[in-house]
Amino acid sequence: MGAVDPYYAFKWVDGSDLECAGYLSVLDQRLLPHKLHYLDLTEYCQVADAIRDMVVRGAPAIGAVAAYGYVLGLRQGESADQVYRTLCASRPTAVNLQWALDRLRALHEPDWKRLLAHVHGMVAHEREVNKRIAENGAKEILAYWNKRSGKGSSRTLHVLHHCNTGTLATAGGGTALGVIRSLHALHKNLVVHVNETRPRLQGARLTCWELSQWGIPHELSVDAVAPLLMAQGRVDIVTVGADRIAADGSTANKVGTYMCAVSAQYHNVPFFVCAPCNTIDLKTPTGAEILIEQRSATEVLNPLEGPPETWFAPQQTSVYNPAFDITPPELITGGIVTEVGIIRLRTSDDPAPSIAEQLQRLELGHAHHTAI
Ligand SMILES: CSC[C@H]1O[C@H](OP(=O)(O)O)[C@H](O)[C@@H]1O
């Protein structure tokens, strides 16, 4: 799989022929699927606002965009600490944002042009990582599918996906949707069941749009239908992304993921988390220590920000709107698909090695493989 999409979540535009020092172009995902509109950002506060307002979203994408925001802040002559703090505060759950900013700050590089080159390198590396996640995930899922349905079976493979994890959520290629795209290239008889993903509707607005761009058959449902689809035997596997994976494998992902994982276990449907290794936060022991972003009541009550008569509930209704939930490791029955291989999670009857140990072995194996 090496398709390069005609659209992007973000891109740095060099200023050489524009008589400017360059700017960050981001796709305003709030306007999809009906409008493809890019915003040109030249200041770090604009980047922080774009992340907080979900102009650009998706754990890997906000990590990269925050890194470009850090470069813009230094180019503006702002204090590195002030820029770092402002960008870190934009969204707290996805570890990719913190990870990217920590990497840049650790360079103690005052020259914004040299920092820009580092960020370009990080983004290019992430694209390669996503290709390997797609390959590893498709290989693992096809092996499971051939075993279950008979090698070379032409039976339709039904994949349930929650939220959006495609090119729109990354530097390109996606994570869980990248696995699905790679699967579709190898097993054409595939249908994706897309959870609409209330309240911001990343599934309905973004995943349906990306799957349409890619020519992959799909069907949209409200989130509450996911358990019913599994009860009807219409889901063969579930694939999701991740915003932060704790050292025990507990995974923070878009709210509604946990519901799918519980139902998947009950219906014996393999549940895969697909994420780059830098989404694994070994410094956070369990899901209990992951800070879950609480978003505004407006997103639930009045997502179209229309007049009171269009609100979804009475105006004074109190709202609980966590942006993510936590899936415990024992429910991630397919494992964590990464660029270095599949990480298996401990269950009561399978005391798999710790994630740290598996990562070390897989990375050693991967390094050896790529070194050949
Ligand atoms: C490639 S993983 C993207 C990850 O981020 C999404 O959250 P949001 O749209 O709020 O940024 C969701 O949790 C996805 O799984």
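Each ligand, and each atom within it, is numbered from 1 in the order the structure gives. Being a predicted model, the structure only gives us computed values, none of them experimental.
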Next on the checklist: Distance under 4.0 Å to a non-hydrogen atom of Q202: what atoms of ligand 1 satisfy this?
Outcome noted: 8 (P), 9 (O), 10 (O)
Item to check | L27 side chain reached by V56 side chain, heavy atoms, under 4.5 Å | outcome: no
Checklist entry - With distance as the sole criterion, is a donor-acceptor pair present between the side chains of Q202 and R57 under 3.5 Å? => result no
Item to check | Atoms of ligand 1, numbered as shown, that sit under 4.0 Å from any heavy atom of P60 | outcome: 1 (C), 2 (S)
Checklist entry - For atom 14 (C) of ligand 1, which candidate among V240, L97, N253 holds the nearest heavy atom? => result N253
Checklist entry - Considering only protein heavy atoms, which is closest to atom 1 (C) of ligand 1, and at what distance to one decimal place? => result T175 OG1, 3.3 Å
Item to check | Side chains of W145 and H187 in contact at under 4.5 Å (non-hydrogen atoms) | outcome: yes
Checklist entry - Should M54 be listed as contacting ligand 1, given a heavy-atom distance under 4.0 Å as the test? => result yes
Next on the checklist: Are the side chains of C163 and R200 in contact, using a 4.5 Å heavy-atom criterion?
Outcome noted: no
Item to check | Protein contact to atom 2 (S) of ligand 1 [nearest heavy atom, distance to 0.1 Å] | outcome: A242 O, 3.7 Å
Item to check | E210 side chain vs T167 backbone, donor-acceptor pair below 3.5 Å | outcome: yes
Item to check | From the candidates A59, G241, A252, the one that places a heavy atom nearest atom 3 (C) of ligand 1 | outcome: A59
Next on the checklist: Going by the closest heavy atom to atom 13 (O) of ligand 1, which one wins out of I133, D243, L168?
Outcome noted: D243
Checklist entry - Does some side-chain heavy atom of Y68 sit less than 4.5 Å from a side-chain heavy atom of L104? => result no
Next on the checklist: Taking only non-hydrogen atoms of E293, do any sit less than 4.0 angstrom from ligand 1?
Outcome noted: no
Checklist entry - With a cut-off of 4.0 Å, which atoms of ligand 1 are near a heavy atom of N164? => result 3 (C), 14 (C)
Checklist entry - Are F272 and H161 close enough that their ring centres sit under 6.0 Å apart? => result no
Checklist entry - Would you say C163 contacts ligand 1, with heavy atoms under 4.0 Å as the rule? => result yes
Next on the checklist: If we set the cut-off at 4.0 Å for heavy atoms, which region of H162 has an atom near ligand 1: side chain, backbone, both, or neither?
Outcome noted: neither
Checklist entry - Looking only at atom types and distance, does a side-chain atom of N146 sit under 3.5 Å from a main-chain N or O of K151, one as donor and one as acceptor? => result no
